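Notes follow the structure.
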Amino acid sequence: MHAFAMASLCRICPLVVVLQLLHIYFLGIYGLKHQTGKDNVTSPPNGKPFPWNKMRLPDMVVPIQYDLCIHPNLTTVHFTGLERIEIFVRENTRFIILHSKGLEIISAVLLPKDDLRSRKPGKQLQVLEHPTYEQIALQAPEVLTAGQRYLVVIEFHARLADGFDGFYKSTYKTRDGETRIIATTDFEPTSARMAFPCFDEPSFKANFAITIRRERKHIALSNMPKIKTIELEGGLLEDHFDVTVKMSTYLVAYIVCDFKSVQATTSSGIKVSIYASPDKWSQTHYALESSVKLLEFYEKYFDISFPLPKLDLVAIPDFQSGAMENWGLITYRETSLLYDAKTSSAFDKLWVTKVIGHELAHQWFGNLVTMEWWNDIWLNEGFARFMELVSVSATYSELQIEDYFLNVCFGAIARDSLNSSHPISNPAETPTQIKEMFDTVSYDKGACILKMLQDFLSEVVFQKGIIHYLKKYSYRNAKNDDLWNSMANASSTCSESDFSSGNFCYTASRPLSSTFSHMGKLTEIEEMMNTWTLQKGIPLVLVKCEGNTLRLRQERFLKGVFEEDPEWANLQSRYFWHIPLTYITSSSNTVHRHIFKTKTDTLELEGEVAWVKFNVDMNGYYIVHYEGNGWDNIIKLLDQNHTLFSHKDRVNLIHNGFQLVSAGRLSLDTALDLMRYLRHESSNVVLLQGLGYLEMFYHMMERRNISDVTENLKRYILQHFKPVIDKQTWSDEGSVSDRMLRSALLKLACELQYPPCIQKANELFSKWMGSGGTLNLPADVLKTVYSVGAQTIAGWNYLLKQYSLSVSGAEKNKILYALTTSRHCEKLTKLIELGMEGEVIKTQDLAALLHAIARNPEGQGLAWNFVRKNWNRLLKKFELASFSIRTIIVGSTSHFSSKDKLEEVKHFFKSLEDQGSQLKITEVVLETITKNIRWLKRNLNSLRNWLLNNL
């Protein structure tokens, strides 16, 4: 029946017109009492009473299947649509409430589902609109009966959107300079309603049968395989796609383009294809290899076959985020899918692999099992971020993603240690609030607490819990508690053989591991994890060693707020966590475990120890402060034999030290002393962490024009790290961490005007420029070479020309960054103008462009002033609360560290509030600037003196 319905859908337009002419009913506004009483009627801006007054849809009517026919005209940049929605009525009603935004509804007709064969005429539905809620109400002339199915036929049209949401226009240029247009979709979280009227909430899952009309020169893609193509009068082709599995509207996708592809088939028979514009086809092969490998891994890991017969991954020329997990048709920003062996660095390869791993994880986490509502988006995004680690570690161990994952948690901590953070599971009702949930808390903190839970339960038990969760809620919606119940279920059924020594596993009556004797009931998994998902923030564990006794306290960790501040006590009130602690001591390499779920606790050790280190390998999500002489002991240990600690533990110690400085718990001198041993450090990851802090201080001082400290930091870095800088080769040789260290070190050395670095970069740039841009330079040093070359007018102009000619997104990113490092304001202004025009520099790159310019001391004022003066122009390009707008706000302001700038930013944010543009990110920025001011006030003199004493 579905195949017949779809085949006839696009040709029922004449029938709809006839129905309109023959059956026009006078429709009263008022229907059943329970729907149209005082509490349920609202008056939207158009003045007509609307029978529903809530942002969320009622569930009196639910969709079963959408038959959707779309015809985008890429010449007029319009599209027409016809849909037939099979609905089930759960309660008697005269209204069908659904979403629609920016669509012109031509007609809406109701057909009884069981009377289709009798060819009885349909009944016209009156269309009422509520633009503020992005809803329409279809009013029937008589009551729709509970328990019955109906068909709603809606004809509509609209322009292809100019932005990045809904059904939108994207363009690319061929090597010959021809501009070509494609039409593509991006619906998450609330933009399916911009493409077709629908029940646009994640719990309204349905099947979708999609038909696309196109010209012969194009192809059409959708979630499912194409089952047939019909030739229409006038030369148009009509592609019919198989009916989807049951899924949410935000996962629907379709594309009309002229792309080329490469294909392969997985061991389980899934056809995988990578699509890109014809000139970039050669960059698709790595994505194909990794997609097949990762898809096969997930099928085994989840013990659930990929439920669709094909999977397409498409590189879209204009794309706001990194990628979108549409079921069976994943869309990507070009730089997140395409890999060019000549210009893609080691980090670029890791990035492409992990983004593919992220989106493929979503085919299970998010698509197969979907969060019930957007407040729990972390169940999608936190899991997908975590599964990047699991999948890439298993399939591409040489990429060393475990080390990269440390930075994921550092990013989460940076946000979560501010009072303006929010709980992982957080109320969100409006489209703006929902978009704001897609942030580092949902993604990164979500991933880090899952990593902690995995370490707590053991990998085997954790995997069992995931499989239980996915199988139980397949094609359904789930919430926080459902996940914890699945984990508890897996824990209660595991055996001693399920985990290796030292790991933990529940039984129904008691924990198998005596180190977790504080845990008993299965419900305590939920109780523990609720302390991580239902309250914001991160705990600080304070450790005091007294003989063979460890005294523990926990507090809420806050940066920029100190114990002596009047608000301190209130900000600490009611916060505490159930923390699965891990620690090692000088007397044993055994990982000891303890559940810390009170404000204070004590641990008795087997004899006195010289040192103790908590949060082993940073598997936990908490900060540790070693009171008394604890940090002094650690500094001595690192000086004597830093290999006593694993490289992850060393990274963790350095990170904790500088976090504690921001919280007023540790002196900056002590944190800097902690890094003195780095001259003996052999781990690239640890070197990058330590250098990262010194580089951050350098840029802070440079932006504030504190010239003496800036110069001394430069001298210290170049003296202290000279041996490791001089050891770097200008090549792509070595392990991934070798290559990443090389990229970072040479970039920093040249920024600090280290003569050998500048000389070599200039030499390579001159050769490249002399070759007409054809010389292949090592990809890992491209950004450094281009940045040095961009400091001359001729070099800058040449780079801009090459930027417009390059077909490698990886290379374009490096060139654009280099262009933003110019110290000539007129050049930076030119870049902003090009970004706003959207031709040479695409609009999708404008947010990153402004961020990079603001990082430049010569560009920080320029970027900030531009954002203030052009806010309304920016809102025409990006939706409020979009990733781009939030990046622009943070990028142009969060580095400020003076009271004057704080007042400027406050004034600007107040003006936005007055215009109705209220965003949570503004609180984050104001708190960050305040923290920066306080950090400088407390630590500037210490930094100045420490440098003088150590040079």
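Note that the structure is a prediction, hence the values are computed from the model and not measured.
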Between [X] and [Y], a side-chain donor and acceptor under 3.5 Å:
X    : Y    : value
H720 : N950 : no
T549 : E604 : yes
D639 : H680 : no
N641 : T643 : yes
T784 : S787 : no
Y754 : D726 : yes
N419 : R556 : yes
N656 : Y626 : no
E402 : S393 : yes
Y698 : R703 : no
N684 : S737 : yes

Would you call the rings of [X] and [Y] parallel, tilted or perpendicular, taking 30° and 60° as the class edges?
X    : Y    : value
H655 : F410 : parallel
F405 : F386 : perpendicular
W631 : H625 : parallel
F697 : F658 : tilted
F908 : W864 : perpendicular

- Is NZ or CZ of K599 both nearer than 6.0 Å to the six-membered ring centre of F576 and within 45° of the ring axis? no
- Message: On the six-membered ring of F438, is R886 placed so that its NZ or CZ lies under 6.0 angstrom from the centre and within 45° of the ring axis?
- Response: no
In plain terms, say whether [X] and [Y] are close enough for a salt bridge, that is, a side-chain N and a carboxylate O under 4.0 Å apart.
X    : Y    : result
E564 : R938 : yes
E388 : R385 : yes
D673 : K636 : no
E695 : R855 : yes
K536 : D416 : no
E702 : R823 : yes
E627 : R551 : no

List the atom of [X], the atom of [Y], and the distance in Å for their closest heavy-atom pair.
X    : Y    : value
L936 : S897 : CD1-OG, 3.5 Å
D617 : K648 : OD1-CB, 3.6 Å
A854 : S892 : CB-CA, 4.0 Å
P539 : Q554 : CB-OE1, 4.5 Å

- Message: Run the side chain to side chain contact (heavy atoms under 4.5 Å, CB included) test on R934 and K931 for me, step by step, so that the C-alpha distance in whole Å, both residues' side-chain angles and the decisive distance to 0.1 Å come before the verdict.
- Response: CA-CA 5 Å; R934 298 197 77 178; K931 173 185 67 73; 5.9 Å; no
- Message: Does any part of the side chain of I595, heavy atoms only, come nearer than 4.5 Å to the side chain of I579, both counted from C-beta?
- Response: no
- Message: I'd like to check L691 versus I717 (side-chain heavy atoms, cut-off strictly below 4.5 Å). Are they in contact?
- Response: yes
- Query: Is it true that atom NZ of K544 has more than 12 heavy atoms of other residues, nucleotides or ligands lying nearer than 6.0 Å?
  - Reply: no
- Query: Would you say N589 has more than 12 foreign heavy atoms packed within less than 6.0 Å of its CG?
  - Reply: no
With rounding to the nearest 0.5 Å, note down the distance linking [atom1] in [X] to [atom2] in [Y].
X    : Y    : atom1 : atom2 : result
S707 : N705 : OG    : CG    : 6.0 Å
M700 : T710 : CE    : OG1   : 11.0 Å
M675 : T670 : CE    : OG1   : 12.5 Å
L745 : L687 : CG    : CG    : 7.0 Å
L571 : D565 : CG    : CG    : 9.0 Å
Q719 : N712 : CD    : CG    : 9.5 Å

- With S420, the side-chain hydrogen bond (donor to acceptor under 3.5 Å, both in side chains) member among E923, R415, E927, K920: E927
- Item | salt bridge (charged side-chain N to carboxylate O under 4.0 Å, His left out): pairs with one or both residues in residues 649-666, sequence neighbours excluded | E555-R665, E563-R665, K613-D649, R650-E681
- Task: Apply the test side chain to side chain donor-acceptor pair (under 3.5 Å) to residues E606 and S587: give CA-CA distance (whole Å), side-chain angles for both, the deciding distance (0.1 Å), then the verdict.
- Result: CA-CA 9 Å; E606 295 178 1; S587 61; over 6 Å; no
- Check each of N407, D403, V686 against V651 using the side-chain contact (heavy atoms from CB on, under 4.5 Å) test, and report the only one that passes. V686
- Step through it carefully: locate the ring centre of F557, locate the ring centre of W577, and say whether they are under 6.0 Å apart. no
- Task: Any chance you could lay out the side chain to side chain contact (heavy atoms under 4.5 Å, CB included) test for W935 and S662, step after step, and finish with the verdict?
- Result: CA-CA 6 Å; W935 192 96; S662 294; 3.7 Å; yes
